[in-house]
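So that the names make sense, note that chain A is the first sequence line, chain B the second, and so on, each numbered from 1.
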2 protein chains.
Amino acid sequence: MKHAVTYQLHKTDSRTKARRGTLSTPHGTLETPVFMPVGTQATVKAMKPETVRELGREGASIILSNTYHLYLRPGHEIIREAGGLHRFMNWDGAILTDSGGFQVFSLGDLRKITEDGVAFRSHIDGSSHMFTPEKSIEVQNALGSDIMMAFDECAPYPADRDYVKRSLERTTRWLKRCKEYHQDVERQSLFGIMQGGVYTDLRRQSAEEIVDLDLPGYAIGGLSVGEPKELMYEVLDSCVDHLPADKARYLMGVGSPDCLFEGVERGIDMFDCVLPTRIARNGTAFTSVGRIAIKNAKHERDFTALDPNCDCYTCRKYSRAYLRHLFKSNEILSSMLLTEHNLHFLVRTMENIRQAIEEDRFLEYKKEFYEQYGGF
Amino acid sequence: MKHAVTYQLHKTDSRTKARRGTLSTPHGTLETPVFMPVGTQATVKAMKPETVRELGREGASIILSNTYHLYLRPGHEIIREAGGLHRFMNWDGAILTDSGGFQVFSLGDLRKITEDGVAFRSHIDGSSHMFTPEKSIEVQNALGSDIMMAFDECAPYPADRDYVKRSLERTTRWLKRCKEYHQDVERQSLFGIMQGGVYTDLRRQSAEEIVDLDLPGYAIGGLSVGEPKELMYEVLDSCVDHLPADKARYLMGVGSPDCLFEGVERGIDMFDCVLPTRIARNGTAFTSVGRIAIKNAKHERDFTALDPNCDCYTCRKYSRAYLRHLFKSNEILSSMLLTEHNLHFLVRTMENIRQAIEEDRFLEYKKEFYEQYGGF
């Protein structure tokens, strides 16, 4: 029985856990480590899919989309009828879908957790729904993503040890139900999610439980949920050691430039984050010399490129003065151009990281990047 | 002395006043009749300029931009420093700028008209400004558009004859001041604007006064301002007869599909309208079978193209169900895809009109189009 998604390790950095691999999927082979742009509602906001495909030098190979959102609108049955999410949204690369767990847990008073699953109310119209592990996989089966995430509970930070332990054990039981329910493993692969909060022994327990299930990949969930970055890196360090070297490792919801470097250094293969697209719409750009708020008055007559070291469409064709004008005029093109730049920046940075690992100079590249970028 | 813009007539329809010509400009040769997409604030909303360039079969060759808006934000001096509007906004085709007259007259209580010009307050911050014929040309010189429009008064509808007569005579005096002020006629061409409301004798008077100034082109202003369409067509009929055959004729602010046909039939060469881009953002599409409101529930599971007879990017790649989902989810991509379709539709329709004139079957094509489109 062949799994839809398989990971192959090519090279590990001689001084860190950074590693270079490929992830084979039904919609193409991904070079890892990889950054995945987020397309919450079946679109990477303000981007045509062809433009996403052309980001960086090699193009984005995989995007993330959200089960919770698509289940509510337009409804997963409509996407199934459309022939699946790839066809519905005109994306021929790979797709990873989350399980909806994180979103329904984020609903606060609008949801109630039981052993069976989570009852919740729609943030759109207040209607009542229930997500169980089986339901999450049913929806993700309808979407037809290459990688499906298990239905888990992402415990908040801070949370006491007992709560986190009970929660991760339920997450393991839910993972077994997900695996049991999912049938066509040659079409879609299920990734398990490690939880355990900031407790390293619980992280180990969670890892051991999920690795036993021999899944094609594993994610680290429950980080970057409010804990200090240093604590996150410390926990991450120990997490990776409990995961098998021959499976992909995905750090969920993390993707600021520094986190990419710190995650890769600790052995992570996959990242996603809404930050680059969200801050773009708010007029903020990642650049090689740090973040830039384009509305700042100092850019009024600045006819240089947004990032002097960037070769993206936005930086090749437009000036900061023009981008500032668009942003202040509430023009849609502002979101389009800044989103394209920010995603290009992260995709290209990850390409550079991959090349640095291949040439065994990851730490040197990291140092160069940090020095030029300035504070994070 | 060579004018920046020159018109050449190639062929006139045997049964109507429809005509086929070319307009030579410093930024390319335009095939006429032509539809000009509107880029009010130095961007065709929700479109990259390269995408505008690729609309239809031949691509859009000219866009319109607004002097009033660019004067206020970012300011014409900034655009001058950027190297002109073409460079600022990354558009290598031709640009026509309006004079700002129409916008300042539309400000109502915020403006005051004198023989010298119009004093007005900014709709953005309430600051006080003055547009005169000289100021309008100064701003348009800074923008560097290929075609500048004269500073005129567009009389409202209804308006009494005496008012319209006094107004058009002042418009002529203002036109003389514009012509006097504008120096580099080899870089930019000034078009005069005929006024006269719905009074055919006043239209004739206006035409005779402005044609005397021997400008490279003439516009018909003050139509489509609230009068019934039949009255507009009747007035238009008489207008064109007073304009020279060897100069371009531009019907300002008109561009719905039926108006394109009716205008071309009456001898018009150039059109502009915000309608296709504005209704796109509101979820409405022009199609070969009439207007479609994409949010309509009947499109929920409609996996066919937006327009079954369209070959634009949107219609080739996406279904009505997907477009409806994007619109209902307030996704920016909705505006991008519907705008691209609507502009493609008008640009391609105008290409078809040009071909029909060449083949002397304009009326036949008009009949076909109207029958398929249904009511307007």
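- How far CE of A/Met47 is from CD1 of B/Ile332: 11.5 Å, rounded to the nearest 0.5 Å.
- Neither the backbone nor the side chain of A/Ile79 comes within contact range of chain B; no heavy atom of the residue lies under 4.5 Å from a heavy atom of that chain.
- Separation of atoms CD1 (A/Ile78) and CD (B/Glu300) is listed at 4.0 Å; rounding is to 0.5 Å.
- Heavy-atom distances place the side chain of A/Glu331, and not its backbone, under 4.5 Å from chain B.
- For a residue to count as touching a neighbouring chain, one of its non-hydrogen atoms must lie under 4.5 Å from one of that chain's; by this rule A/Ser329 touches chain B with backbone and side chain alike.
- Neither the backbone nor the side chain of A/Leu323 comes within contact range of chain B; no heavy atom of the residue lies under 4.5 Å from a heavy atom of that chain.
- In this structure, the portions of B/Met89 lying under 4.5 Å from any heavy atom of chain A include both its backbone and its side chain.
- With a threshold of 4.5 angstrom between heavy atoms, B/Leu72 does not approach chain A through any atom at all.
- How far CG of B/Asp302 is from CD of A/Glu81: 11.5 Å, rounded to the nearest 0.5 Å.
- Proximity to chain B (any heavy atom under 4.5 Å) is restricted, for A/Thr51, to the side chain, taken from C-beta onward.
- Atom NE2 of A/His325 is separated from atom CZ of B/Arg73 by 7.0 Å, given to the nearest 0.5 angstrom.
- Using a 4.5 Å cut-off between heavy atoms, A/Phe303 contacts chain B through its side chain alone, with no backbone atom that close.
- Remark: B/Glu50 CD to A/Lys317 NZ distance equals 5.0 Å, nearest 0.5 Å.
- The structure places CE of B/Met336 at 7.5 Å from OG1 of A/Thr43, a figure rounded to the nearest 0.5 Å.
- Heavy atoms of A/Arg281 lying under 4.5 Å from chain B belong exclusively to its side chain.
- Only the side chain of B/Tyr318 comes within contact range of chain A, with heavy atoms under 4.5 Å apart.
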